[in-house]
Amino acid sequence: MRPEPRPPLSLLDEAEAVLSQIERLEVHKARLEGRIVDAYAALHSVEEQHLSQLVTSSPVPITAHQVVTQEVACATGVGAAEVARRLELATAPRRHRVLRERLRAGSVSLHRALRIVVETRMLADDALPDLEATVLAPARDGSISSHRLFGERLRRCVRAADPRGHEERRQAATARRTVFGRLVEDGMGTFTVVAPAERVVGVLDRVDAMARAARAARDARTLDQLRSDLLCDLVLFGAVAEPEGDRSAGSAGSASWSGLSDAPPAAVRIVVPFEVAAGLSDAPCELTGHGWVTAAHARQIMTAPGSVWQRLAADVDTGRALELSTERYLPTPEMVAHVKAVDGVCRGPGCQVPADRCDVDHLQPWPTGRTHVSNLDSLSRGCHNGKTSRVWNVRRVADEGISWTSLAGREYITYPKDWRGPLRGPGSGPTRDVSPGSPPGDPPPF
């Protein structure tokens, strides 16, 4: 008798099966990469023995690292820089014990492991186990941390682990600030400006605001084109050129934006916890949406002439911005500002777009869902489009979490931003008690 035909799998089952296969292959790949690192270590040991027996009259010392790098690069076609990074991990088993164990278990990719190796070169050996465990920890819902979350954690923890050394390197780097450019294909060119972080952020934010103002005034250029044109015009001429397109009344390309005179001032937003501002902690501080600076650098920025401080009350235990309750048909500016402060970044899974650049969306669509801060969230345009097109199924869950379920049936949960997270990171140090009039839970100034 012929066996009964198996019922066809649903699309959900097929997606889950393929996704699970990809996960298993990634684990297997990481384990193989761990074996590659072990092989690098073995080759390095052999080459060290070879070098010890080698008699040469060359005045230039040859190291086992150089030999192995060249050997592997020639044999495999892997770039010399990549081989050198792998070798750095392979020859420091005690320093990077956590990374080596995670590689053998298949729980971290070689790519992430090598990025940690590079970023932590200046740190002492005893600082690495806790730092690596923190950076490689899963997301709050138990899933693997996204690429952006991993990078954000790594930058913050490195600065927290060595604030004094990083501050010294920053001051030395400030003396090396420069600008350079080069021509590329298709008659174009690029230039690079090396400047203090707050100035770079200020330039980027200002030119972006100017570009958006020009687009709102019906300039025909794209935002990317406007950012490029406006920045070059400002540097070359100290003003911006006339907007492109027909300026005749009523034409589609007309623009009434007057350029530089209407340009909004540059803004650099930095989150400084109360303890850091008062000098009670050296936790790193966030240039919102751009990266992290040391506590000393943050205090320098916040005390610069013209700085404006904005109070943001945050819960001491969770670091969550305190909720504002209000009832209106449309979100008020205060409601929008509050929702973005609570969320900090886009509430989509794995997304780290700053909330200031996100849409404010109704979690439960209006009119079924009311316009209230408890039903509003910050979504980047990409995440917003995915939710609207029902690629993701989104719902509110416990602890103000938002559950995102993919077409493959995988669930990810995002939570409001913990504004006090840096104070709990490794290397930030315990904060001292402050006076009763200034409790630790008081808001960080901006």
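Only heavy atoms go into these numbers, but all of them, side chains included; no hydrogens, no water, no symmetry mates. These numbers were taken from a predicted model, which means no experiment stands behind them.
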| Can you list every salt bridge (charged side-chain N to carboxylate O under 4.0 Å, His left out) pair that touches residues 141-153, not counting sequence neighbours? |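 Counting only pairs at least two positions apart or across chains, the salt bridge (charged side-chain N to carboxylate O under 4.0 Å, His left out) contacts touching residues 141-153 are Glu152-Arg156.
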| If you look only at pairs with a residue in residues 379-391, which of them pass as a salt bridge (charged side-chain N to carboxylate O under 4.0 Å, His left out), with sequence neighbours excluded? |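 Matches after skipping sequence neighbours: Asp359-Arg381, Asp361-Lys387.
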| query | Any side-chain donor-acceptor pair under 3.5 Å between His111 and Glu33? | reply |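 His111 vs Glu33: no donor-acceptor pair found between side chains.
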| message | Ignoring hydrogens and geometry beyond distance, is a side-chain donor-acceptor pair present between Asn393 and Thr405 at under 3.5 Å? | response |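 Looking only at side-chain atoms, Thr405 and Asn393 do not form any donor-acceptor pair under 3.5 Å.
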Run the salt-bridge test on [X] and [Y] with the 4.0 Å N-O cut-off and return the result as yes or no.
X: Glu16; Y: Arg410; answer: yes
X: Asp208; Y: Arg357; answer: no
X: Glu82; Y: Arg85; answer: yes
X: Asp38; Y: Arg35; answer: no
X: Asp219; Y: Arg215; answer: no
X: Asp399; Y: Arg140; answer: yes
X: Arg159; Y: Glu119; answer: no

| task | Would you sort out whether Arg221 and Asp229 count as a salt bridge (Lys or Arg N to Asp or Glu O under 4.0 Å), showing the intermediate values? | result | CA-CA 10 Å; Arg221 289 169 286 183; Asp229 293 348; 3.1 Å; yes
Using only atom types and a distance under 3.5 Å, with no angle test, would you say the side chain of [X] pairs donor to acceptor with the backbone of [Y]?
X: Thr303; Y: Arg299; answer: yes
X: Trp392; Y: His384; answer: no
X: Ser389; Y: Gly386; answer: yes
X: Asn375; Y: Gln364; answer: yes

| message | Before you tell me yes or no, could you show the steps for Glu411 and Ser403 under side-chain hydrogen bond (donor to acceptor under 3.5 Å, both in side chains), namely the whole-Å CA-CA distance, both residues' side-chain angles and the distance that decides it to 0.1 Å? | response | CA-CA 7 Å; Glu411 182 184 34; Ser403 168; 2.5 Å; yes
| Gap separating the CG atom of Leu123 from the CZ atom of Arg95, nearest 0.5 angstrom |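 Nearest 0.5 Å value for the CG-CZ distance: 6.5 Å.
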| task | Could you check Arg94 against Asp125 for salt bridge (Lys or Arg N to Asp or Glu O under 4.0 Å), going step by step and ending with a plain yes or no? | result | CA-CA 8 Å; Arg94 293 184 179 180; Asp125 289 0; over 6 Å; no
| Is it the case that Arg182 places NZ or CZ above or below the six-membered ring of Phe191, under 6.0 angstrom from the centre and within 45 degrees of the axis? |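 No, cation not above the ring by the 6.0 Å, 45° rule.
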Considering all heavy atoms, the nearest [X]-[Y] contact:
X: Val108; Y: Leu103; answer: O-CD2, 3.4 Å
X: Met302; Y: Ala277; answer: CE-CB, 3.8 Å
X: Ser380; Y: Cys346; answer: N-SG, 3.2 Å

